[in-house]
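For reference, the structure discussed in these notes is given below.
Residue numbering restarts at 1 for every chain, and letters A, B, ... go by the order of the sequence lines. Quick caveat: nothing in here was measured; it's all calculated off a predicted structure.
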Amino acid sequence: MAELLDRGYLYFCDCTGDQVQARKGDNKTPGYDGFCRDRALAQGPRTALRFATPVGGSTVVHDLIRGDVEFSHGVIDDFVVAKSSGAVLYALANVVDDRNDRISHVIRGEEHLPNTPKQILLWEALNLTSGLVTPIPHYAHLPLLVNEQRKKLSKRKDPVATEMYRDQGYLPEAFVNYLALLGWSPSGEEEKIDVSTLIREFRLEDVSHSPAFFDVKKLLHLNGTYIRELSPEAFIERAQPWVSPSTSAWSPQEYQTPWPVENFDPELFGRVAPLVQERIALMGEIPAMVDFFFLADAPRDDDAFTKTIATSEVAQAVLRDLVEEFAAVNWDAETLHATVMSVGERHEWNLRKAQAPLRCALTGRLVGPPLFESLVILGREETIRRIEMAL
RNA sequence: GGUCCCAUCGUCUAGUGGCCUAGGACUCCAGCUUCUCAAGCUGGCUACGCGGGUUCGAAUCCCGCUGGGACUGCCA
């Protein structure tokens with residue numbers, strides 16, 4: 001830095017923000033006016049270090065994505081490189097770090113494009129004065145990710161924490177896949193692409209130039225297809241954080257299963273897993289789909305209960321008949337299916353209507369995994385007990 | 001205000017002068033299937049911002065306009 005100073009690339013400045021502002025008036029050139037550039041100030045208690053931007057000419061950023069972008073030196077002000085406190089600022093620190101690490105590619109958001117010429121200028125100055133010449137890195141400025149208002153995604157206002165997506169049950173591979181689709185697309189018509197193919201096919205040069213909207217809907221869909229493509233074993237394995245957080249290495253923040261942990265039965269879950277795997281788009285949906293298996297009693301959704309059981313004479317009659325039939329019938333999905341259907345017919349209800357009160361009595365909900373398979377897993381005794389409880 | 005970037009369906013995009021009466025995916029709508037919910041299948045709606053050029057021919061090249069965005073700190 002001393003060398004940079006000696007050679008005139010840097011100079012001390014004691015102007016305050018107000019002074020700079022006052023001098024500027026209606027002047028249209030932005031930023032600092034270079035007031036102290038030739039004052040040869042010595043370092044003082046309130047002197048910041050500024051970079052003396054070359055007077056004429058321009059600096060061209062060779063951007064891998066956007067091509068050459070030219071910045072006239074006339075519009076680059078003498079920016080501060082170190083605070084009066086001595087703290088080195090981003091522009092310089094960044095360049096120094098990148099030189100130390102021999103960075104070959106600087107890949108960042110488009111918002112950094114305007115300050116890239118400053119960094120190049122700094123880099124060149126350092127090459128000339130430090131005795132260490134390192135090649136200027138390749139720059140690539142990625143398009144911004146924007147929200148529905150088409151504004152740059154903000155840490156404060158927008159849901160950008162990847163942990164949050166992970167906690168909700170987005171699979172990392174689906175998330176990476178989706179992100180890759182923002183601003184880039186695979187060669188074929190298939191958008192689902194695994195990481196190794198992505199690595200092989202991705203070219204910075206092919207990245208689009210325009211901002212992209214982060215569409216959770218599409219992410220969700222993609223996540224669903226990834227979940228469905230998991231092998232049953234893999235699905236069970238990856239469901240662990242949501243069904244058995246106490247035994248998994250990781251689980252969502254402040255997450256608790258809807259059932260007492262000691263009630264969880266891995267063997268039983270293994271049997272239900274395939275039933276839920278194809279009907280969810282988020283791993284986080286699993287607990288609500290299987291909770292009735294691990295709760296002592298069926299959960300009760302009052303609205304659903306009132307609607308399908310409490311206010312329906314027929315529903316109650318169906319349930320009563322079911323208790324009788326279930327006591328003697330073969331306990332397999334096919335038989336149960338037929339039984340519910342015939343009991344329904346007895347009351348002039350089709351299967352669609354007849355299954356509703358039964359589902360509600362057992363699961364507490366109107367939607368869930370396939371009913372008859374669930375009954376088989378739940379068992380005859382528990383099934384009958386829950387129906388009786390509902391009556 | 002200044003500098004820079006950007007501009008194809010609602011969204012993400014394919015498209016690099018003729019293969020485009022513009023393709024795919026998500027969303028939405030309709031239908032099929034169906035024990036609920038999904039999934040799946042079939043079909044449908046919807047786009048090259050505007051105006052000038054260049055060219056036999058333009059979504060594709062050039063200019064202007066309009067629109068959007070980023071940056072404009074002794075923040076990063």
Aromatic contact, A/Y226 with A/Y170 (centres under 6.0 Å): no

Base paired to B/G1 (Watson-Crick or G-U; both N/O distances under 3.5 angstrom): B/U72

side-chain contact (heavy atoms from CB on, under 4.5 Å) between A/F292 and A/W259, intermediate numbers included: CA-CA 9 Å; A/F292 67 93; A/W259 54 79; over 6 Å; no

Side-chain N or O of A/K155 closer than 4.0 Å to phosphate OP1/OP2 of B/A76: no

A/K217 vs B/U11: side-chain N/O to OP1/OP2 distance below 4.0 Å: no

Sugar-phosphate only, base, or nothing, as touched by A/N94 at under 4.0 Å among non-hydrogen atoms: nothing

Short side-chain N/O contact to B/G40 OP1/OP2 from A/R228, under 4.0 Å: yes

Side-chain N,O (A/S208) to OP1/OP2 (B/U13) below 4.0 Å: yes

Which nucleotide in B/C35, B/G69, B/C74 has an atom nearest any side-chain atom of A/V80: B/C74

Paired nucleotide for B/C19 [Watson-Crick or G-U wobble; both distances under 3.5 Å]: none

Donor/acceptor link under 3.5 angstrom from A/R279 side chain onto base of B/U36: yes

Donor/acceptor link under 3.5 angstrom from A/E111 side chain onto base of B/C5: no

Within residues 309-343 of chain A: residues closer than 4.0 Å to RNA chain B (heavy atoms): A/H337

Watson-Crick or G-U wobble partner of B/G40, both distances under 3.5 Å: B/C32

Near-strand residues of residues 171-198 of chain A, defined as heavy-atom separation under 4.0 angstrom from RNA chain B: A/L181, A/L182, A/G183, A/S185, A/E189, A/E191

Residues from residues 354-365 of chain A lying under 4.0 Å of RNA chain B - heavy atoms: A/Q355, A/R359

base_contact_polar (B/A25 base, A/K218 side chain, donor-acceptor, <3.5 Å): yes

